[in-house]
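Everything below concerns the one structure shown next.
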Number of protein chains: 2
Amino acid sequence: MAITIMDVARHAGVSPSTVSYAISGKRPISPSTRARIDKAIVALGFTANAGARALATSQTMVIGLLTQFHQDEFAPAMLQYVLPVSDTARELGYDILLVTETDATGALRRVTGTGMVDGVVLLDVVHEDPRLDTLRAAPQPGALVGLPKRTEGLDVFDLDFGESARILVDHLHALGHREIIVVSPPRHVFDRGGAYGWRFRDAALERGARYGLQIHPYYGEAQQPAIGLSINAILDARPTATALIVHNDATIAALPSVLATRGTRVPDDLSVVSLYSKDFGRAFSLPYTAVESSPDQLGQQAVRQLVRRIAEPELAGAPVTRFIAPDLTVRGSTR
Amino acid sequence: MAITIMDVARHAGVSPSTVSYAISGKRPISPSTRARIDKAIVALGFTANAGARALATSQTMVIGLLTQFHQDEFAPAMLQYVLPVSDTARELGYDILLVTETDATGALRRVTGTGMVDGVVLLDVVHEDPRLDTLRAAPQPGALVGLPKRTEGLDVFDLDFGESARILVDHLHALGHREIIVVSPPRHVFDRGGAYGWRFRDAALERGARYGLQIHPYYGEAQQPAIGLSINAILDARPTATALIVHNDATIAALPSVLATRGTRVPDDLSVVSLYSKDFGRAFSLPYTAVESSPDQLGQQAVRQLVRRIAEPELAGAPVTRFIAPDLTVRGSTR
DNA sequence: CTGAAAGCGCTTACAG
DNA sequence: CTGAAAGCGCTTACAG
């Protein structure tokens, strides 16, 4: 049906292999032959069949993107990761197969087993992620966004949550705050093994202890109206606290309206700092001083490393675990 | 490298074709043969190579999902469409190739030309969408989400924005409101040809005129702080208006905080109605009576129709343009 | 500089 | 009920 390399060859009066070489540039072609081939390609509107090429080369030029949408997750945060991965992949010549199935392990087995992809990026990796065994057994390489318990043999990329917490505590400490509330992700994130929760919280506690600060850690909520109720309860319970560190997407997104309703002014009544990306902050109009969570850098680095491993396995070297250095953006929400 | 149908055949002591038939079920296999084949498949961990299968059958079992991310777009709204499309596709046995390139037309040509996909879903279709000519020329079928000017030969799915506007005007009219503000999408959405903008606004104006209401249409903004400034300016300019219809994702998301800051109470000082999806409302904790924008239904219907056209082209019939019937959810934001 | 041929791993008429 | 063979549309050693 569609037009093939045979059609182009006939039209140009050469053999199919010559057309193939002309396209790939893998061997010299005389100018006149090349011209005829180019003309034929344009005239017939030829594009090489991806399946045939994949079969012949064992390369699909497709990367699988494995997302996880927990039912209780704050959805708007996900797209920030998907887009940079997709854009970086395309820059490097790869397309993205988006895999959103609930049965993530089965899905991973499927896309690697069928050879649909040359490699995979796993998003939202948790402490004991069931996908990792499957990934290790797969013939294709993979890159993780999110730090699991065991990183052996895997390329891992994550924000440095510990350092992020220390930067925020340092910032508040330098301003003279002595009693600080920390709102973590919801409890179920900890239960599920989202290590970023305790990595951030524990670092904040430790740093606070070193300075002799009072740090009050709380689990946050993921949805309204629970968010508003919990913030109000926490602030009521800690009337002498002067600063709030929010490490919770849903809570920080709702915070402006929660505080406005409560009549709490930032930074006059309360200093607020957080951790979110530029895009997220813009979407939700967040005015808070925050560590940039850099989903674009994470996605980009993961894809680049993955492609390196796909393209030149021998040169890619030992597995890496890379933490993005946090970057504080001051927005005047602290006093 | 990976294990093939030949390996399975050898292991089971049958021919490769028999293995293929056993897997596809396209011809009867004796119980004992079938048992040996099944055992071999499990023992070797065989999964058919997708590229080879695609080449042999000219079916990839992949659907291309063409998204458009306008730089000024309100990103959190996009994922609502992506997920239902992906989930529905998987239910029907298809994977999703996610295409996010800025050069949407070129990308569409690429994925259809290489035969990477069996069909495509175009998201966020505008009035004069440059992708449509390419789609019409492609050998694969496509389904649109969003109504273009010319629908010839295409399957189109969209919310009934006209009816949505009428339902909201009717609702306010029945409550006795006589002067109503309508906030539309940003002007650049109209400029770009996002027909949902004027379909909604014009229907609201027409309906209002029929009842003898005063309807004040305004373009909304897409980002803070412009959103807050514009809402404040509009409300100041129309002090006698008693109701606000918001057809603008970014504005409705910011409205609770804008109104709280302003000291405007809903519904005591102002009745507010809008148009957004359940998930969107939950993510942003929106308390407004609204028409449900049903991205899940749109995505699902588009994929189902597309798969019908892929699987049985002759039975799929003439192209359809289908409008989802709007559904009002009353949340008590009107008086 | 170019061509003929084998092969990638499946599916599916064609035979029996 | 099963097998041998052709073919899907490319790529790439092998020859010249």
Side-chain angles (χ1 to χ4, degrees), chain A residues 1-38 40-41 44-62 93 110 112-118 139-140, chain B residues 1-38 40-41 44-62 93 110 112-118 139-140:
Chain A
M1 198 66 253
I3 108 109
T4 74
I5 206 171
M6 232 346 251
D7 301 318
V8 175
R10 257 195 297 264
H11 191 104
V14 297
S15 77
S17 60
T18 299
V19 175
S20 176
Y21 282 116
I23 293 171
S24 69
K26 288 194 179 167
R27 80 180 183 190
I29 305 286
S30 77
S32 82
T33 303
R34 154 141 279 143
R36 291 206 312 287
I37 291 176
D38 287 351
I41 288 176
L44 302 178
F46 169 75
T47 317
N49 179 275
R53 183 172 274 177
L55 185 55
T57 62
S58 344
Q59 286 219 132
T60 63
M61 300 308 286
V62 173
R110 182 169 55 79
T112 55
T114 55
M116 299 181 84
V117 299
D118 293 338
Q140 297 96 335
Chain B
M1 198 66 252
I3 108 108
T4 74
I5 207 172
M6 237 337 258
D7 301 319
V8 175
R10 259 195 295 265
H11 191 105
V14 297
S15 77
S17 59
T18 300
V19 175
S20 176
Y21 283 116
I23 292 171
S24 68
K26 288 194 180 167
R27 81 180 182 190
I29 306 284
S30 78
S32 81
T33 303
R34 153 141 280 143
R36 291 206 313 286
I37 291 176
D38 288 349
I41 288 176
L44 302 178
F46 169 76
T47 317
N49 179 275
R53 183 172 274 176
L55 185 57
T57 62
S58 348
Q59 287 219 132
T60 62
M61 300 308 286
V62 173
R110 182 169 54 81
T112 55
T114 56
M116 298 181 86
V117 300
D118 293 338
Q140 297 96 335

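Every chain is numbered from 1 and lettered A, B, ... according to where its sequence line falls, protein lines coming before strand lines.
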Qualifying residues under salt bridge (Lys or Arg N to Asp or Glu O under 4.0 Å), relative to B:Arg27, sequence neighbours excluded: none

Looking at residues 47-61 of chain A, who's got a heavy atom less than 4.0 Å off DNA chain C? A:Leu55, A:Ala56

Go through residues 25-34 of chain B and report each residue with a non-hydrogen atom lying under 4.0 Å from DNA chain C, sorted by number. B:Lys26, B:Arg27

Nearest-Å distance for atom pair [atom1]/[atom2], residues [X] and [N]:
X	N	atom1	atom2	value
B:Ile37	D:dG3	CD1	C1'	12 Å
A:Met116	C:dC8	CE	P	22 Å
B:Ile41	C:dC10	CD1	C1'	13 Å
A:Met6	C:dG3	CE	P	11 Å

For residues [X] and [Y], report the shortest heavy-atom separation together with the two atoms involved.
X	Y	answer
A:Val19	A:Ile37	CA-CD1, 4.1 Å
B:Ile29	B:Tyr21	CD1-CB, 4.1 Å
A:Phe46	A:Thr4	CE1-C, 3.5 Å
B:Ala50	A:Met116	CB-CG, 3.6 Å
B:Gly13	B:Arg36	O-NH2, 4.0 Å

Has the side chain of A:Asp38 got a donor or acceptor atom that lies under 3.5 Å from a matching backbone atom of A:Ala35? no

Going from CD1 on B:Ile41 to CD1 on B:Ile5, what distance comes out if it is rounded to the nearest 0.5 angstrom?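 Spacing of CD1 (B:Ile41) from CD1 (B:Ile5) equals 8.0 Å.
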
Rounded to the nearest 0.5 Å, what's the gap from CD1 on A:Ile3 to CG on A:Asn49? Could you check?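 It comes to 11.5 Å.
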
Give me the stems containing DNA chain D, sorted by first residue, counting only three or more consecutive Watson-Crick or G-U pairs with both distances under 3.5 Å; say none if there aren't any. C:1-3 with D:14-16, C:5-12 with D:5-12, C:14-16 with D:1-3

Tell me, which pairs form a side-chain hydrogen bond (donor to acceptor under 3.5 Å, both in side chains) where one or both residues lie in residues 50-61 of chain B, sequence neighbours left out?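 side-chain hydrogen bond (donor to acceptor under 3.5 Å, both in side chains) check on residues 50-61 of chain B returns B:Thr60-B:Asp118.
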
Close approaches to DNA chain D from residues 15-23 of chain B, in residue order (heavy atom, under 4.0 Å): B:Ser15, B:Ser17, B:Thr18

